[in-house]
K.L.:
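Have a look at the structure that comes next, please.
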Amino acid sequence: MAQRETWTSRIGFIFAAVGSAVGLGNIWSFPFQTAANGGAAFLVVYLLAVFLIGFPTMMVEFVIGRRGEQNPIASFGKIGYGNWSFTGGLGLFSSLITLSFYSVVGGWVLSYILGSATGAYFGDAGAYFGSVASGPTAIGGHLVFMVLTIGIVASGVTDGIERATKVMIPGVLLLLVALAGWATTLDGAAEGYSYYLSPDFGVIASNFGSIVPPAMGQAFFTLSLGFSVMIAYSSYLGRDDSLPADGGAIVVVNTLIALLAGFVVFPILFATGGAEGAGGGAGTAFVALAGAFGSLPAGGIIGFFFFAVLLFAALSSSISLLEVPVSYVSENYGYKRSTTAVAMGGLIAVIGVPATFGTSWLGFYNDLVFKLLLPISVLLLAVFVGWVADREAVDELGRGSSVGESFTSAWLWWVRLVVPVAVIVTLYLGVEALYTGLASGAYF
Ligand code: PFF
């Protein structure tokens, strides 16, 4: 059997994992979910969810991946619990579905890069969205985005994924810092910052049920948890890397990039009318931002860079989603990585086609993942590491790191008790919302 690839360095792994984490979720959904859910009140709950639930869950995936050193399905067997491999399979399934619609949005981003260059959305931002978000343009964008993703994954873990993310992530960071600097000069900046950063705890208390599920879903999604991605990426990791230190770095950088995106988006929104128009579904973010770029001085150039950031971020995430099925199929059936990448990518492209028909399908795929698949996956992972796996597997957390036995034990109890309870509450509220949506015909 061919030698399995590993990251060339610890930094290579961190870049790739940050690349997976930083994506449309940070720059597109995070600011707009924050805007739609009460601003700073949402931000507080989201940050708690990221650090208290997301970080420990990331350690769960890392432990399984590095201990297993296989694709996310085989890793369970390698640790000695082959009958739990369905958990990795569920993550793989979620990766397929997610990439299928993620790529459609990636295609929109391509259209908006073009639109910034040509000025096509300057006149009527709503009409432009309508023309690119469904129909032939949407299918075309989706296919181009998938081809880019396939190209990188086909080139391999080090030559493709590691090399691409080492360029894209610094690019994202630099451009966002520049855009946030520019945003300070806008007229509505102060108002935007205040909506974004001054929490009203009354709002949290009175909207708990409606804030928690999106905040938790967003925390898992942004950290790429529950999709088997972090299992796959950590399986290429050396024995002497510190899982808590690497995971901590990934979570912090990912959070900083999301926060930075808020520093770009909120001033723009408040310079051109406030946060009210920003809620309500996938497209509003594009319409609101493009409308703003169309009316601000040098908006086309700013828009071009903004959407370029979004494209880099989206690609460095989409490759991680494709890596999961590709690593499984190529390792399990012995096919060549490049052939597998083309075949799996093609399949995913087809699954995504309904999401190009209109935003209701896309919204359905999105909610299915956020509200159902993702929390179930995380729950299974936590139960597996917390209650099923033996202590030797659990101790993988401390290998190669300076954290002591007591850190591992505290984490284990947290994963046994706190994470499942938080996820069950989220799952309950999410399923209820999904059911109500389906029953009321909100999707179809
Ligand atoms: N974390 C990415 C984002 O925030 O856009 C999306 C994502 C990538 C989710 C990979 C899940 C995943 F496995």
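In what follows, residues are counted from 1 in the order of the sequence shown. Every value quoted in this text rests on a predicted model; they were computed, and no experiment measured them. Counting starts at 1 for both ligands and their atoms, following the listed order.
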K.L.:
Taking the side chain as every heavy atom from C-beta outward, state whether Glu323 and Tyr236 have any pair of such atoms under 4.5 Å apart.
P.N.:
yes

K.L.:
Enumerate, one pair per line, all nitrogen or oxygen atoms of ligand 1 lying under 3.5 Å from a protein nitrogen or oxygen, stating the separation to 0.1 Å; write 'none' if no such pair exists.
P.N.:
unit_1, atom_1, unit_2, atom_2, d
ligand 1, 1 (N), Ser20, O, 3.1
ligand 1, 1 (N), Ala21, O, 2.9
ligand 1, 1 (N), Phe221, O, 2.8
ligand 1, 1 (N), Thr222, O, 3.2
ligand 1, 1 (N), Ser224, OG, 3.2
ligand 1, 4 (O), Ala21, O, 3.0
ligand 1, 4 (O), Gly25, N, 3.4
ligand 1, 4 (O), Asn26, OD1, 3.3
ligand 1, 5 (O), Leu24, N, 3.0
ligand 1, 5 (O), Gly25, N, 2.7
ligand 1, 5 (O), Tyr102, OH, 2.6

K.L.:
May I ask you to check whether Tyr233 and Phe62 place their ring centres under 6.0 Å from each other?
P.N.:
no

K.L.:
Determine yes or no for a side-chain-to-main-chain donor-acceptor pair under 3.5 angstrom, with Arg337 supplying the side chain and Ser330 the backbone.
P.N.:
no

K.L.:
Counting the benzene-type ring for Trp, do Phe293 and Phe304 have ring centres under 6.0 Å apart?
P.N.:
no

K.L.:
State, yes or no, whether a side-chain contact exists between Phe220 and Pro375 at a heavy-atom distance under 4.5 Å.
P.N.:
no

K.L.:
Between Trp182 and Val264, is there a donor-acceptor pair closer than 3.5 Å when you use the side chain of the first and the backbone of the second?
P.N.:
no

